[in-house]
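Structure first, then comments.
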Amino acid sequence: MMFPYLHPLLLMGVQLLLSCWTQAAPADPNHFFYHDFLNENGNSEIHFNGVKLYVESAQPSVFAVRGGNASLSCRYWYEPELSSQRKARVKWSWLPAAGGQEADVLVAVGSRSRSFGDFRSRVRLRQDFPGDATLIMTELQLNDTGRYRCEVVDGLEDKSALVDLELRGVVFPYQPPHGRYHLSFLEARQACEQQDSALATFEQLFQAWKEGLNWCNAGWLADGTVQYPITQPRVPCGGHGLAPGVRSYGRRYQHRHRYDVFCFSSSLRGKVYYLQHPLKLNLTEAQDACREDGAEIAKVGQLYTAWKLTGLDRCDAGWLADGVFRYPIARPRRNCGPSEPGVRSFGFPPPQHKHGVYCYKAVDELM
Ligand SMILES: *[C@@H]1O[C@H](CO)[C@@H](O)[C@H](O)[C@H]1NC(C)=O
Ligand SMILES: *[C@@H]1O[C@H](CO)[C@@H](O)[C@H](O)[C@H]1NC(C)=O
Ligand SMILES: *[C@@H]1O[C@H](CO)[C@@H](O)[C@H](O)[C@H]1NC(C)=O
């Protein structure tokens, strides 16, 4: 139905008329004059009849790094504009990328706010201008990723905007020293944590697949599913007939079933380096040599992160903390493994064998 030449006020009259006709079914709760009808009981909260609340995020997707800060943008305003400031209630909540329930992050009314759980003392509202509900997060953790909801409530009006938080980082497949397909879900989570990383989410694995991760062993993900990424279909990985993609075994029994794991790690507060040392070292000597250098033997997640985010490139294999033996190649060349960049792995040699070592030095000790 169109009323092309009517003055807006007349048009409102028509809408009012229409809503009277259709009163049996008040379909749209955001209808312009809805509050007028509701407000006959004089509910004091709703004294802005006909005014609409808007909530918007200028940046619905935010990339950050572990240990860094992030601003999740959110702003609200009223139309027509109000002459006086109102105290709306702002609530930020979080749907974890790892799956699970939505959790409260922060609730604020005016200048008072309260934050919850793991977010306590790590989040605040920016409030740089009227209607600014931007959430400032500090000391980001690997498991902070997911979908954040900025919800503004004023009287009966309740609007929200969504912001996705992702971390820049690297996904790597992990297999413990005792071999392939040995980890329950809980052990998989612990294995990632021991390598300075967290269970990867499906979005993180999917992104890694798009960037070329091609891995034929199935691993746990944060949501309790077991999957593996294939960019080059081949016989031992489901055959040539299947299209490239992230293949899923679906949700598995978390105690009974055993697989490898996909871990995710993001930026380091320090540096990974190949230790200059006159001798080749066995595993215990390698640990001691890093310690003598004011560092510690590097973890697998740290080597992957240094390779991916800072381009660490070294054609010498070295010990890592879990007894695995690897080297990182950012610029492929002859005699340094395959033609794609990657962290080359040689499995777990006997700990008495003598090799080089990669160490990790935390940032406070770099000075
Ligand atoms: C994060 O913000 C805090 C202040 O809120 C600041 O002290 C710190 O340097 C920031 N960290 C980074 C990595 O920018
Ligand atoms: C998130 O990670 C931090 C630090 O690694 C940990 O303390 C916290 O328990 C984790 N939170 C959840 C919900 O797993
Ligand atoms: C490494 O060598 C030292 C002697 O230099 C020895 O005491 C130690 O047991 C060896 N460690 C391993 C894991 O073989």
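Being a predicted model, the structure only gives us computed values, none of them experimental. Order of appearance sets the numbers: ligands from 1, and atoms from 1 within every ligand.
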Below 4.0 angstrom from a heavy atom of Q352, which ligand 3 atoms are there? Numbered from 1 as shown, please. 14 (O)
Considering the heavy atoms of P351, write down every atom of ligand 3 situated less than 4.0 Å from one of them. 12 (C), 13 (C), 14 (O)
Is the distance between the ring centroids of F119 and W92 less than 6.0 Å? no
Please find out if less than 6.0 Å separates the ring center of F185 from that of W220. yes
Kindly write out the residues that satisfy side chain to side chain donor-acceptor pair (under 3.5 Å) with R291, not counting sequence neighbours, or none if the list is empty. D288
Hey, does N282 come in under 3.5 Å of ligand 3, counting only N/O atoms on both sides? yes
Are R189 and E187 ion-paired here, with the side-chain N under 4.0 Å from a carboxylate O? no
Please determine whether a side-chain nitrogen of the Lys or Arg among E285 and K354 lies less than 4.0 Å from a carboxylate oxygen of the Asp or Glu. yes
Name all pairs fulfilling the side-chain hydrogen bond (donor to acceptor under 3.5 Å, both in side chains) condition that reach into residues 332-352, sequence neighbours left out, sorted by first residue then second. D313-R333
Once salt bridge (charged side-chain N to carboxylate O under 4.0 Å, His left out) is applied, what residue pairs with a partner in residues 142-152 remain, sequence neighbours excluded? E102-R149, R122-D144, R147-D164
Compile the protein residues with any heavy atom at a distance under 4.0 Å from an atom of ligand 2; present them by chain, then by number. D118, Q141, N143
I'd like to check which ligand 1 atoms, numbered from 1 as shown, lie under 4.0 Å from a non-hydrogen atom of N69. 1 (C), 2 (O), 3 (C), 8 (C), 10 (C), 11 (N), 12 (C), 14 (O)
If you count the non-hydrogen atoms of other residues, nucleotides and ligands that lie under 6.0 Å from CH2 in W209, is the total more than 12? yes
